[in-house]
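A quick write-up on the structure given underneath.
Numbering of ligands and ligand atoms starts at 1, following listing order.
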Amino acid sequence: MRLRNKPGAKETILSYPEYILTDGSDFKGKWQERFSKVQPIHIEVGSGKGQFIVEMAKAHPDINYIGIEMQTNAIISILEKQLIETLPNLQLLLVDGADLTDYFADGEVDQVYLNFSDPWPKTRHEKRRLTFESFLATYEAIAKPKAELHFKTDNQGLFEYSLASVTWYGMTIKKVWLDLHNSNYEGNIMTEYEEKFSSKGQPIYRLEAIFNGKEAV
Ligand code: SAH
């Protein structure tokens with residue numbers, strides 16, 4: 001199905017409240033109630049059409065996943081996948097990642113994924129990058145102490161910026177990959193953008209960083 005101009009997308013979303021929310025503030029602090037088992041919660045901010053989060057949820061039934069995306073037409077593609085898979089450990093949330101403290105309580109999230117986030121290369125758009133310090137502070141506010149941020153991109157500029165941003169923020173960089181697909185990293189699950197860019201021969205960058213708490217800043 002085409003992503004753009006899907007008729008009735010909003011109505012479709014509202015028809016499946018068991019899988020997707022457009023305002024998760026009712027579940028702030030209670031996300032575990034939306035899953036069949038209480039287990040760690042991993043979120044992805046900017047899930048796009050959802051290949052990563054759906055395949056992760058299939059591969060790791062012992063983790064509860066929440067795909068967060070602000071574009072209706074993108075998240076409905078994830079919903080379509082979930083309507084086929086009916087994974088008990090996958091939930092979707094249609095909101096802006098900048099507002100996550102409205103939807104999650106302190107320490108409710110165990111891990112944060114960012115994949116192929118929009119690079120926003122112009123300096124005046126720095127605040128929109130999902131690794132800008134205000135976003136890092138938002139993730140940290142809802143994450144457990146020492147939670148990890150895992151980030152993949154093909155964009156060298158955004159990767160360099162993100163390495164600097166997480167370091168400046170006071171996070172510990174645990175590991176960096178400069179060519180993920182030619183490394184010994186196991187269990188990689190490709191996103192839609194990752195398939196597209198790596199098929200053109202572009203290396204994929206990846207980093208894992210740890211939140212250290214605000215006293216470290
Ligand atoms: N992760 C997917 C999509 C990458 S495109 C993949 O790798 O294939 C980046 C996605 O992030 C877009 O779908 C865009 O709508 C979403 N996005 C950008 N800023 C966001 C924000 N502040 N909150 C939630 N989603 C955001």
* To do: Mind telling me whether His125 and Trp120 have parallel, tilted or perpendicular rings, with 30° and 60° as the class edges?
  =>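 The arrangement is perpendicular - the two ring planes meet at more than 60°.
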* Asked: Quick one: hydrophobic cluster around Ile210, which other residues, with the 4.5 Å side-chain cut-off, linked directly or via members?
  ->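 Besides Ile210, the cluster holds no residue at all.
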* Asked: In the hydrophobic clustering that connects Ile, Leu, Val, Met, Phe, Trp and Tyr at side-chain heavy-atom distances below 4.5 Å, which members other than Leu14 occupy its cluster, ordered by chain and number?
  ->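 Members besides Leu14: none; it forms no cluster.
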* Asked: Partners of Asp110 by side chain to side chain contact (heavy atoms under 4.5 Å, CB included), sequence neighbours excluded?
  ->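 Only Pro40, Ile41, His42, Lys144 meet the side chain to side chain contact (heavy atoms under 4.5 Å, CB included) criterion with Asp110.
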* Can you name the one residue among Lys175, Arg206, Glu44 that meets side-chain contact (heavy atoms from CB on, under 4.5 Å) with His150? ->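 Among the candidates, only Arg206 passes.
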* N-O pairing of Glu108 and Arg34 below 4.0 Å ->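 Salt bridge: no.
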* Asked: Mind checking what residues have non-hydrogen atoms under 4.0 angstrom from ligand 1?
  ->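 Residue list for ligand 1: Glu44, Gly46, Ser47, Gly48, Glu69, Met70, Gln71, Val95, Asp96, Gly97, Asn115, Phe116, Asp118, Leu130, Thr191, Glu192, Tyr193.
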